[in-house]
Amino acid sequence: MKQILFFMVAFLSWATAMAQTSRHVVLISIDGLRPEFYLDPSWPAPHLRQLKEQGAYARQVVGVFPTVTYPSHTSIVTGLPPGRHGVYYNAPFQAPKGHWYWEDSAIKTPTLWTAARKAGIRSGAVMWPVTVGAPIDYNFPVRRADGDEKTDQLSVTRPFITPAGLLDQMAAATGTALTAGDFKYAEIDHTIGRMAAFIFRQYQPGLLAVHFIRADHEQHEHGRDAPEVKQAVAAIDSMIGLLLHSIRETGREGQTTVIVTGDHGFVNATRSFSPNVLLKKNDLITGEDWTARFYTVGGSAYLHTKKPGDLAAMQRVTQLLRALPEDQQQLFRIVTKKELEAIGANPEVVLALAMKKGVVANNAIEGPLVRKKKLSGAHGYYPDFNEIYTGFIASGQGIRSGTSVAQLSMLDVAPMVCRLLGIPSLTGEAKELPPIFSKD
Ligand SMILES: [Zn+2]
């Protein structure tokens, strides 16, 4: 009986997935989006609040481990955790300095882009991570120069833009050509908003994904609640307004669903912990050679072993950590291999540290184990507390107005987009979706 029920549920979800409810889904990610941005009226985000009031929203969204930008954005468009989709961190472990996971070929599972193309739905993306070479019809990806953050983004990215003439068409349509200066932090979200509005107005793709980035940058620099963060949120909100305006201009408003979500929240940190100092002191790292070393990403640290799956090294490191003074042990929690498997983290890792709020891990191998530092914002933490959660709003076609849910998983976003666009589940598995959809 249970099996029959399962097949019925699977069939019904498949059948509803096949009926397209929205002709267009605009998927907006605000890097470092915290739910307060739309829940608390003291944040300058009138468009977000309007979308929330007209549509549905979640009070919090639980992210993936680590709660960092590239793995999270890949989870948004695959519906799977990093351990399954293959983008484990922002940059591969031991990649040359500055080489991040730029290329779509790093993703091991189907994405919204591959599914849209298969279904004959055109897609667009602006600054969405891990999209160099992706099957996206109108794409301005992120690609910086390896080991050279100073080179302007525009000239490095230009060869990877699809179609090649996209920016020329934009210049012809808007009367101004983008320049390197448009990609500086002060201007970047304005540029992203203009590109997204142009792509929707000009091509009306069925799926348009847009990634705004400055709220993340300002929270890293100044902490969670600095004026600079509010200024960045205000600028992003106004660009969302521009994008909504371009949707109205095309007359497609009634056939479009707008989703706003993010990749992680933020934590204010004032202390840092350097676990590789401990490993070096105990000869697990010696000069260029190493038996085990931590790869740190802010709020977490991942133990890699030179010999894959070296359990003896893992046990040795566990002993060393357990032998630290009590006040140092309180700076982190050990995440076991079993827990890493359950949450879907990098399968090569044998143990991880989930840092406590207010503490970040760093890769230093020299100097003190624990340091005080100037207040800054951080993420990368284990996704199990308020500050690190991100948010979600959906509004427009197919969304039941006036609904809210307490909590969503980041892994719910891709199945919701599939349902709206009437394309099959990316994982081939049926998934129960949150009750935010309208009946018709
Ligand atoms: Zn981010």
Side-chain angles (χ1 to χ4, degrees), residues 27-38 45 48 60-78 81-82 85 87-92 98 100-102 106-107 125-131 141-144 149 153 183 185 188-189 192-193 209-226 228-229 232-233 235-237 239-240 259-269 295-300 302 345-346 355 360-361 376-383 385-393 408-411 413-414:
L27 174 62
I28 299 168
S29 162
I30 299 175
D31 206 301
L33 170 73
R34 291 153 41 202
E36 304 95 285
F37 295 176
Y38 54 85
L48 290 186
Q60 51 191 224
V61 173
V62 181
V64 295
F65 191 52
T67 45
V68 298
T69 306
Y70 280 45
S72 303
H73 277 84
T74 309
S75 290
I76 294 171
V77 298
T78 59
H85 63 55
V87 177
Y88 306 132
Y89 313 118
N90 285 343
W100 287 27
Y101 281 105
W102 310 125
I107 306 175
V126 181
M127 293 287 276
W128 198 275
V130 207
T131 59
V142 194
R143 176 71 167 87
R144 291 192 299 268
E149 304 238 325
Q153 159 113 31
F183 291 84
Y185 268 115
I188 189 74
D189 284 334
I192 291 166
V210 188
H211 173 213
F212 290 106
I213 63 178
R214 209 182 115 208
D216 173 85
H217 177 75
E218 301 298 353
Q219 289 180 94
H220 275 297
E221 287 283 307
H222 307 284
R224 288 162 51 90
D225 296 313
E228 289 85 351
V229 182
V233 170
I236 291 166
D237 188 80
M239 286 299 111
I240 291 174
I259 292 175
V260 182
T261 189
D263 51 354
H264 49 75
F266 259 90
V267 173
N268 282 345
Y295 182 69
T296 67
V297 299
S300 53
Y302 297 82
N346 182 353
M355 305 312 294
V360 286
S376 65
H379 52 86
Y381 294 86
Y382 199 87
F385 61 96
N386 273 333
E387 289 95 320
I388 202 64
Y389 294 142
T390 186
F392 176 91
I393 304 169
L408 279 185
S409 160
M410 183 170 284
L411 308 182
V413 178

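For ligands, and for the atoms within them, numbers begin at 1 and follow the listed sequence.
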Check your understanding: Can you tell me the N, O or S atom of Asp263 that's nearest the Zn ion (ligand 1)?
Key ->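 Relative to the Zn ion (ligand 1), the closest nitrogen, oxygen or sulfur of Asp263 carries the name OD2.
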**Study point:** Pro82 side chain reached by Asn346 side chain, heavy atoms, under 4.5 Å
**Key:**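 Result no, sub-4.5 Å side-chain heavy-atom pair not found.
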Review point. Under 4.5 Å between any side-chain heavy atoms of Phe183 and Ile188, yes or no?
Key: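 Heavy-atom side-chain distance check passes, below 4.5 Å.
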**Study point:** Polar side-chain atom of Asp31 near backbone of His211 as donor-acceptor pair, under 3.5 Å
**Key:**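 Answer holds: no.
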Review point. Which angle, to 10 degrees, forms at the Zn ion (ligand 1) with OD1 of Asp31 on one side and NE2 of His264 on the other?
Key: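 Once rounded, the angle between the two atoms at the Zn ion (ligand 1) is 110°.
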Review point. Just checking, is any N or O donor in the side chain of Asp263 or Thr69 under 3.5 Å from an acceptor N or O on the other one?
Key: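 Yes, Thr69 and Asp263 have a side-chain donor paired with an acceptor closer than 3.5 Å.
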**Study point:** N, O or S of Thr69 under 2.8 Å from the Zn ion (ligand 1)
**Key:**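 Under 2.8 Å: Thr69 contacts the Zn ion (ligand 1) through an N, O or S atom.
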